[in-house]
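Step one of this worksheet: look at the structure below.
Naming: A, B, ... by sequence-line order, numbering from 1 per chain. Computation of the quantities below employed the complete heavy-atom set of this structure, encompassing side-chain atoms and omitting hydrogens, waters and symmetry-equivalent molecules.
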Amino acid sequence: MDPLYMANSLFRRRRFEDCVQVCTEILEANPYDQAAWFLKLRSLTEQTYVDEVDMDEEGIAEAFLDDTAIADVARPGTSLKGPPGTTSRGLSQGIRPVSQSGRPLSGFVRPGTQGGRPGTMEQALRTARTAMTARPVTSASGRHVRLGTASMLTEPGGPFVDVSKLNMSKYSQRPALAKALFEYLFHHENNVRAALDLAALATEACQFGDWWWKIQLGKCYYRLGMYRDAESQFKSSLKHFSTIDMFLYLGKVYVKLDQPLSALDYYKRGLEKFPNNTSLLIAIARIHEGLNDLDSAVEYYRQVLKYDSTCVEAIACIGTHHFYNDQPEIALRFYRRLLQVGVYNAELFTNLGLCCFYAQQYDMAISCLLRGLQLSPNDDNTADVWYNIGHITLAVGSVSLAYQCFKLALTSNNSHAEAYNNLGVIEWRRGRGEQAMTCFQSSASISPHLYQPHYNLAAASEKTGNLHSSYSCVKKSLEVFPEHLDSAELMKQLQQHFAAL
Amino acid sequence: MRFCNGAATVTSFPWEPAIPINIASSAAGGDVCAEPFPPFLFVCVFWRREKMSARTHPVSRQRSPDDQENSGISGAGAWLDAHYDPVASLYTFSSCMALEDLNRDGDHKGPSLSFETPLLDLPHGGQRLLHGQPLTPELQPLPWQQARCLRLQELRPYFNLPYPTFREGNKEVPLSVRSLKYLQLEDDAELQASFLATFRHIPLRRKSVITAMAILKKSHTEDDAVSCLVVASENGDIYVLDPEAFTVLKQFLLPSPAVFLSVTGLHDVDYHISAACRDNCIYTFKSGASTTPRYKIPLASQPCGLQRINKDVVVGCMDDSLASYSVKGRRQWSLRLPASLTCMELLHHRPRSFKAVVVALQNREVRIYKDKFLVNCITVDDVVVGLKFGPFGREDGVLLMVTQGGALLVKILKRSVSFEAKDLTPGPPAAQLDKLNIPKRTRVYVEQMAREKANASTMHSVFQQDLSRLRLQITQAYAKAVTSRLTPLTASPDCSLKIAAQVQGLGPIFRLTVTVQNTSPSKPVTNCYITFRCDEGLYRITRKFIQMPLLVPTVSYNFDTMVQCTDDMGRAEEISVYVVQNHTSTPLITAVLNMPVSETIIVT
């Protein structure tokens with residue numbers, strides 16, 4: 001069989017490594033075989049191809065050295081960063097817990113849903129930046145670097161294409177080759193600058209008439225952090241032609257620029273051209289979730305499910321929404337659907353167990369939780385499962401079991417702030433004030449975004465007569481959760497105390 | 001500028017000679033301010049039938065951010081700024097301010113000092129008093145420390161009323177100083193005799209001081225009608241004095257000294273005297289034979305101001321509350337002020353027959369309350385300590401304010417203004433109408449309920465089985481954690497410690513900080529060390545063994561070490577931190593640290 005035909009077939013069957021091998025053999029025989037070279041380029045690229053449209057992680061450097069930020073305090077409802085305004089239509093923190101950025105927990109962990117915007121450099125560099133919840137230093141390193149190094153190592157005898165010796169202007173004149181080469185440079189070599197050079201030359205060669213090159217230029221600019229340039233490239237390509245990707249890219253750029261409303265605008269324009277596209281719908285739902293408008297987010301997730309009933313993200317988010325809206329029986333249905341779709345992990349079983357318990361299906365609850373415990377792959381997850389079991393035992397009425405569970409959660413994850421807080425409450429009830437205070441203090445220092453440890457600390461200090469520290473703690477609690485009634489009440493009480501003095 | 005003139009009379013402290021201070025001179029004002037306790041100035045601002053100048057001063061208005069209820073109720077619309085003198089150096093309170101047409105000649109000399117009279121002592125109050133012949137205004141400053149009334153006529157001290165010496169009608173008179181002295185001499189009969197001989201002819205009198213003062217119209221309600229002076233004393237007496245002879249017309253007895261007086265009615269017809277006293281009560285007297293209070297209103301806190309609006313008593317208290325009571329003591333309404341109250345004044349705007357209460361607050365606001373509704377709010381640069389409202393110049397409604405820093409502000413109430421007392425929340429509170437977000441009972445829920453009903457016993461037994469299994473698993477895991485001391489907290493009674501570990505840095509070199517705290521209330525811990533366990537091929541720890549000092553209870557100790565990641569493949573492992581004690585093979589406590597991925601390669 002003709003080896004090139006063979007390689008072509010392998011490529012179509014997505015057996016890229018075999019394809020590369022065959023192409024290498026052809027090229028060894030005839031180094032100038034352009035077809036083989038092209039095919040090898042393509043198959044190498046396909047091996048490391050990542051859909052750029054998907055959300056990417058925000059590095060520490062971007063979060064701190066943000067030169068696109070205009071106002072420190074954005075108007076409520078117009079920014080994804082900072083604490084959500086009091087005008088939020090979501091549930092209160094008392095019912096739905098918050099992530100580190102002060103937003104309600106999402107049902108689906110995505111880059112950016114956990115970290116949010118850390119308040120201080122120290123907070124950003126804390127232990128939480130582990131291998132699991134990796135938050136890279138910059139988005140230029142992190143995932144892209146790892147992919148780059150991985151591809152480099154698999155290459156015996158040096159790189160396939162020597163980037164420094166490439167004659168860009170020669171390749172830019174040949175559109176088909178140039179496109180393949182660009183993708184290779186961008187995805188496989190991870191050499192964004194070279195890719196940008198090639199794209200600039202190529203778009204010039206076709207008199208700025210090819211929308212594809214404009215998108216690639218925008219992608220390069222985006223990767224380099226030049227969001228305004230990326231925006232203009234994407235907009236310009238949108239004039240020639242419109243694809244779903246373009247709207248998604250534009251939305252991504254606006255999210256980076258912290259203009260969620262513009263992003264929504266473009267997504268909706270995209271929906272006019274491509275009605276009911278699930279990618280666009282999910283993107284809209286994510287932005288609503290980021291803006292703390294959970295009802296609209298769930299609305300869009302429902303639309304997604306109409307057209308794609310196996311979308312894990314939508315199912316999980318709606319399930320979480322129902323759970324925190326006091327409808328665990330509905331949430332149970334959604335989580336069961338996830339099980340059918342094929343998700344089989346500790347988080348899902350824990351959620352199932354909790355839903356069963358709160359929906360009064362007691363026969364299933366505990367076995368689900370125990371399954372979750374068995375399945376949990378790492379200590380962080382185990383800690384969460386123990387923490388949830390602790391809640392169940394509290395509901396059953398066994399405080400000593402709950403005490404043990406929270407301690408086990410802490411054994412698995414030393415910085416489990418919620419477990420520390422609950423442990424403190426139990427200690428306080430047992431009359432061990434000193435221990436309780438220590439627990440509250442640890443909880444508050446690990447997670448300053450939780451209002452509970454601050455309030456508990458304030459209440460405990462008030463009981464022990466330490467009014468001043470109580471005042472400072474309750475102030476922090478109100479900063480985190482201004483609508484918390486008990487804190488406000490305590491604050492009033494303290495103010496009366498001070499006025500009487 | 002042709003404007004009022006303030007008449008200032010200075011009384012210095014008794015051991016210094018009286019120094020009159022010219023208000024207009026800023027240097028003098030500066031001198032006064034420089035003293036830690038400026039001498040108390042008595043100010044009376046007199047009333048002139050002259051056109052006022054329209055000179056205004058820019059007064060910066062700062063809206064307090066916490067004040068949301070009075071948005072839209074600003075002082076800007078209702079008032080005209082007539083005069084603002086920040087260096088007037090007036091240090092006085094509402095009780096020492098009065099408005100009077102001084103000369104009755106219509107002459108207007110501009111904003112200069114009209115006259116000043118040195119007083120013998122600190123004044124306590126000043127009132128405009130018309131006696132015998134109408135149209136001779138008089139002013140009555142009352143010294144606090146010496147119990148007497150001083151009357152000024154035609155701008156000179158005119159009459160000095162000695163305070164009545166004895167309190168008649170009281171059966172149990174407390175002993176006077178002289179009697180006490182006499183009783184102390186009981187051991188020495190000779191001395192007693194000589195004491196008696198010396199003081200026998202001098203009438204026994206107990207001096208008292210005046211605590212409050214008010215005016216009661218004699219028989220007509222007109223402005224120029226003859227009026228009686230009502231005086232309250234430290235002894236707890238209230239005297240109504242005759243306008244002609246200044247004899248005591250009527251005496252009332254109070255259980256406690258009065259601090260504020262409020263009088264309505266006519267002496268010859270019927271009148272009420274309300275007195276807010278130091279025992280947190282308001283007592284009300286009626287004209288008639290009785291000398292004891294008719295009604296008693298207990299208050300929650302010390303009164304700061306008392307005003308009467310028609311038949312109700314409005315009182316401001318030290319607990320930042322403003323409340324209105326009927327004469328019989330029923331509370332009509334009460335509201336909480338945003339800051340403490342400094343003084344109160346009645347706003348009686350005759351052309352519109354509008355009565356309201358003006359309240360000056362510690363947060364530099366002056367608020368006007370019509371019943372319990374805030375109708376107007378003025379923000380001033382300083383805390384207002386003296387307020388007076390009344391006719392002034394050609395205007396019927398002028399508000400004079402004296403601030404803590406000695407500034408004088410004059411504001412004219414616009415003639416066109418009508419304050420509207422609106423209850424913004426009629427009916428039940430808005431929260432009552434909010435619908436509770438109760439989730440619907442879903443079909444799934446009903447189905448599940450049916451299932452629960454059908455299989456109740458099996459569900460229960462399965463749950464109990466599961467629960468015991470869970471209990472076993474928890475206990476096993478806990479026992480394992482406790483015996484191998486994996487917890488970051490110890491619970492043993494002899495040594496209770498807490499450990500927390502943090503890692504900082506981007507890599508390949510990290511700083512590892514271990515925080516150890518002795519959580520026992522009193523017991524120190526000694527002979528403890530920190531060690532680490534990690535993959536030796538991956539991490540290199542600089543201080544593998546850290547000796548800890550004596551751990552004092554409740555103090556957190558930080559120990560740190562450097563950790564170098566020797567791997568450039570982006571691997572990350574756990575590091576366990578142990579606290580160990582001498583002669584034991586198991587650690588006391590453990591902290592497990594998930595190391596971050598080391599950033600070794602940066603994109604070129």
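- Atom CD of A:Glu434 and atom OG of B:Ser496 lie 9.0 Å apart (nearest 0.5 Å).
- Looking at A:Leu373, the atoms closer than 4.5 Å to chain B (heavy atoms on both sides) all sit in the side chain, from C-beta outward.
- With a 6.0 Å radius and a threshold of 12 heavy atoms from other residues, nucleotides or ligands, A:Met437 has its CE atom above the threshold.
- The part of A:Thr393 that comes within reach of chain B is its side chain, from C-beta onward, which places non-hydrogen atoms under 4.5 angstrom from that chain.
- Within the 4.5 angstrom heavy-atom criterion, atoms from both the backbone and the side chain of A:Leu410 approach chain B.
- Contact annotation for B:Leu467: both backbone and side-chain heavy atoms come within less than 4.5 Å of a heavy atom of chain A.
- B:Gln517 touches chain A through its side chain: at least one heavy atom from C-beta onward sits under 4.5 Å away, while N, CA, C and O do not.
- Side-chain contact check for A:Leu369 versus B:Leu470: every heavy-atom pair is 4.5 Å or farther apart.
- Contact annotation for A:Ala359: both backbone and side-chain heavy atoms come within less than 4.5 Å of a heavy atom of chain B.
- Within 6.0 Å of CZ on B:Arg533 lie no more than 12 heavy atoms contributed by other residues, nucleotides or ligands.
- Residue B:Arg451 qualifies as enclosed at atom CZ: its count of foreign heavy atoms under 6.0 Å is above 12.
- In this structure, the portion of A:Val396 lying under 4.5 Å from any heavy atom of chain B is its side chain and not its backbone.
- Residues A:Gln361 and B:Gln448 meet the side-chain proximity criterion, which asks for heavy atoms closer than 4.5 Å.
- Taking the side chain as every heavy atom from C-beta outward, A:Ile366 and B:Arg469 never approach each other to under 4.5 Å.
- Rounded to the nearest 0.5 Å, atoms CD (A:Gln404) and CZ (B:Arg471) are 10.5 Å apart.
- Residue A:Gln327 touches chain B through its side chain alone, counting heavy-atom pairs closer than 4.5 Å.
- Counting heavy-atom pairs under 4.5 Å between each of B:Thr519, B:Asp320, B:Val462, B:Ile474 and chain A puts B:Ile474 at the top.
- Ranked by non-hydrogen atom pairs under 4.5 Å with chain B, the options A:Asp326, A:Leu401, A:Leu423 are led by A:Leu401.
- With a 4.5 Å cut-off on non-hydrogen atoms, B:Arg441 does not touch chain A at all.
- The shortest distance between side-chain heavy atoms of A:Asp363 and B:Asp466 does not fall below 4.5 Å.
- The CD atom of A:Gln360 sits 5.0 Å away from the OH atom of B:Tyr445 when rounded to the nearest 0.5 Å.
- For a residue to count as touching a neighbouring chain, one of its non-hydrogen atoms must lie under 4.5 Å from one of that chain's; by this rule A:Ile392 does not touch chain B.
- Shown here is B:Met548, whose CE atom has more than 12 heavy atoms of other residues, nucleotides or ligands within 6.0 Å.
- Salt-bridge check for A:Arg333 with B:Glu447: passed, with a basic side-chain N closer than 4.0 Å to an acidic carboxylate O.
- Residue B:Gln465 does not touch chain A at all, counting heavy-atom pairs closer than 4.5 Å.
- Contact between B:Gln473 and A:Leu370 at its shortest, heavy atoms only, is OE1-CD2, 3.4 Å.
- Considering only heavy atoms from C-beta on, B:Tyr478 stays 4.5 Å or farther from A:Trp386 through its side chain.
- Counting non-hydrogen atoms of other residues, nucleotides and ligands closer than 6.0 Å to NE2 of B:His460 gives a total of 12 or fewer.
- With values rounded to the nearest 0.5 angstrom, A:Phe406 atom CZ is found 13.5 Å from B:Leu489 atom CG.
- When heavy atoms are compared at a cutoff of 4.5 Å, B:Thr458 does not approach chain A at all.
- Residue B:Ala500: no heavy atom, backbone or side chain, is found under 4.5 Å from chain A.
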Discussion item. Please evaluate residues A:Asn414 and B:Leu593 with respect to the criterion side chain to side chain contact (heavy atoms under 4.5 Å, CB included), reporting the C-alpha separation (whole Å), side-chain torsions for both, the decisive distance (0.1 Å), and the verdict.
Written reply: CA-CA 8 Å; A:Asn414 290 168; B:Leu593 202 63; over 6 Å; no
